[in-house]
Colleague: 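My structure is below; once you've seen it, I'll send some questions.
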Amino acid sequence: MSEMPAPVLDAGEFQRRLLDWFDRDGRHDLPWQRERTPYRVWVSEIMLQQTQVTTVIPYFERFMAHFPTLAELAAASQDEVLHLWTGLGYYARGRNLHKAARRVMEEHGGELPVNSLEALAGLPGIGRSTAGAIIAQSTGRRAVILDGNVKRSLSRLHAVEGWPGRPVVERRLWALAEHYTPEHRVADYTQAIMDLGATLCRRGTPECGRCPFADACVAHARGEQRRFPESKPRKALPTRTTLMLMLQDAGGRVLLEQRPASGLWGGLWSLPQFDDLAALRCWLDVHAPGALLHPAWPAFSHVFSHFRLDITPQPARIDGLDSVGEARCWYDPGSPGRIGLAAPVKALLASLAPFALTAPEPS
DNA sequence: AACTCGTGGCG
DNA sequence: TCGCCAAGAGT
């Protein structure tokens, strides 16, 4: 392939060095390495997308305790799934996992189609790399992965220029990953190449002194490890502003609304949000005409990857609300229900006690 | 092809 | 404190 840079090592030599290193210094005790069933590997791979191992572990344990089998996951409600996903982020992963479980029950007899890369990658939330990881880890059959760790390691080893998000660069990295992937010990190999990137060939401070490929690494020879992979060209973060209405009833319960099925915090429950104070007051006139507004709390900011969210809580209190429909509920912070909450909303609710205590009674 | 989607760790 | 970004995929 003209797409592929000239390999700096013979594939067999690369595999021997990597697996020897993995046997000594790799990770062998991760929770999803215990019983390598397709279902457990699948759930772990979804949670690990753009998320670090130490973050995932407690979520994975809780998830598997609640849904030990794919059938039980498929039988659960989306609210239950998102509840267990609360705080993990990228909630489309949870929604897609749930959707895919139901599809597997309907179309694949309840078993993940691990014999077909195409069928696997056709399921929601499973792309090319995740499909490869599931096959390699759970069946041991040859499959290629290309995650952030592999991209970083291979781009340094070959000094691949350009941001890996560019299709041209990504194709080169896929070709290299394909070249080095062995026929045997594929489960260990895929774990090993990820461990190398996670523990040695790290982004900030790579430990080239312990790396089995230091003598062959082009970036290392040039003393330019930090320059690879090239970083994404970034734009300034835009700022969005939202008002969150904190409406309590006499019992201290808080009104929540379910957000649209897609987009930011899709399917999660949140305080009702408004673009401005006028919209909020209009809503109150319709749904809660007797509501008593308190002085606004200090605004706070929440920084996401692509924008900064300025949140201004607007506390209010009311004795009753005329309509509490399907996408609206009273939520008791004292005995929280099993629904999905975005992290900032959860934190807001956790800090609610002072407001409940100091709220003046309607006169 | 470029943009969107969360949260937490790190230098 | 702050910008960068991590076991990517969907649109």
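Here is the naming used below: chain letters follow the sequence lines, and residue numbers restart at 1 for every chain. This structure is a prediction, so every number in the text was calculated from the model and none was measured.
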Colleague: Rounded at 0.5 Å granularity, tell me how far OG1 in A:Thr139 sits from CG in A:Leu112.
Modeller: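 That separation rounds to 11.5 Å.
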Colleague: Under 4.0 Å, heavy atoms only, any strand: does A:Leu30 hit a base, just the sugar-phosphate, or nothing?
Modeller: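 Result for A:Leu30 = base.
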Colleague: Regarding A:Ile126, tell me which of base, sugar-phosphate or nothing describes its non-hydrogen contacts under 4.0 Å with the strands shown.
Modeller: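 Since only primed, P, OP1 and OP2 atoms lie under 4.0 Å of A:Ile126, the category is sugar-phosphate.
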Colleague: Could you name each residue pair satisfying salt bridge (Lys or Arg N to Asp or Glu O under 4.0 Å) that touches residues 69-86 of chain A, not counting sequence neighbours?
Modeller: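 Qualifying pairs, neighbours excluded: A:Glu80-A:Arg338.
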Colleague: Provide, to the nearest angstrom, the distance between the CD1 atom belonging to A:Ile57 and the C1' atom belonging to C:dA6.
Modeller: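 The answer, rounded to whole Å, is 15 Å.
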Colleague: Atom NZ of A:Lys151 to atom P of C:dG8: distance rounded to whole Å?
Modeller: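 Between P of C:dG8 and NZ of A:Lys151: 8 Å.
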Colleague: Between A:Arg227 and A:Glu161, is there a salt bridge with N-O shorter than 4.0 Å?
Modeller: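 So A:Glu161 pairs with A:Arg227 through a salt bridge.
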Colleague: Between atom CG in A:Asn149 and atom P in C:dC5, what is the gap in whole Å?
Modeller: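 A:Asn149 atom CG is separated from C:dC5 atom P by 15 Å.
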Colleague: Can you work out whether A:Trp32 or A:Gly125 has the more 5'-proximal nearest nucleotide on DNA chain C?
Modeller: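 Mapping each residue to its closest nucleotide by heavy atoms, the 5'-most match is A:Trp32.
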Colleague: C:dC5 C1' sits how many Å from A:Phe228 CZ, rounded?
Modeller: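 Taking CZ of A:Phe228 and C1' of C:dC5, I get 18 Å after rounding.
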Colleague: So A:Gln191, base contact, sugar-phosphate only, or nothing? Heavy-atom distance under 4.0 Å.
Modeller: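 The residue A:Gln191 makes base contact.
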Colleague: By nearest nucleotide on DNA chain C, pick out whichever of A:Arg152 and A:Ala121 is the more 5' one.
Modeller: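 This one resolves to A:Arg152.
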Colleague: Testing A:Ile193, A:Leu157, A:Asp10 one by one against A:Tyr180 for a side chain to side chain contact (heavy atoms under 4.5 Å, CB included), which residue passes?
Modeller: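 With A:Tyr180 as partner, side chain to side chain contact (heavy atoms under 4.5 Å, CB included) holds for just one option, A:Leu157.
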Colleague: Could you tell me whether the side chain of A:Arg202 and the main chain of A:Thr205 form a donor-acceptor pair under 3.5 Å?
Modeller: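 Yes, A:Arg202 side chain to A:Thr205 backbone: donor-acceptor pair under 3.5 Å.
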Colleague: Using the C1' atom in both, what is the distance from C:dA6 to B:dA1, to the nearest Å?
Modeller: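 Taking atom C1' in both C:dA6 and B:dA1, they lie 23 Å apart.
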Colleague: Nearest whole angstrom, please: distance from the P of B:dA1 to the CD of A:Glu170.
Modeller: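 In whole Å, B:dA1 P and A:Glu170 CD are 10 Å from each other.
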Colleague: Report which part of the nucleic acid A:Trp85 touches: base, sugar-phosphate, or nothing (heavy-atom distance under 4.0 Å, all strands).
Modeller: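 Here A:Trp85 touches no strand at all.
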Colleague: How does each nucleotide of nucleotides 2-11 of chain B score, in 5' to 3' order, for protein heavy atoms under 4.0 Å: base (B), sugar-phosphate only (S), or none (-)?
Modeller: -SBBBB-B--
Colleague: In plain terms, say whether A:Glu106 and A:Arg103 are close enough for a salt bridge, that is, a side-chain N and a carboxylate O under 4.0 Å apart.
Modeller: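 Salt bridge: no.
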Colleague: Measuring only the P atom in each nucleotide, how far is B:dG6 from C:dT11? A whole number of Å is fine.
Modeller: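 My reading of the P atoms in B:dG6 and C:dT11 gives 13 Å.
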Colleague: Is there a side-chain polar atom (N or O) of A:Ser129 under 4.0 Å from OP1 or OP2 of C:dA9?
Modeller: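 Answer no for this pair, as no side-chain N or O of A:Ser129 is under 4.0 Å from OP1 or OP2.
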Colleague: Name the orientation class of the two ring planes belonging to A:Phe14 and A:Phe213 (parallel below 30°, tilted from 30 to 60°, perpendicular beyond 60°).
Modeller: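 Answer is parallel, since the angle falls under 30°.
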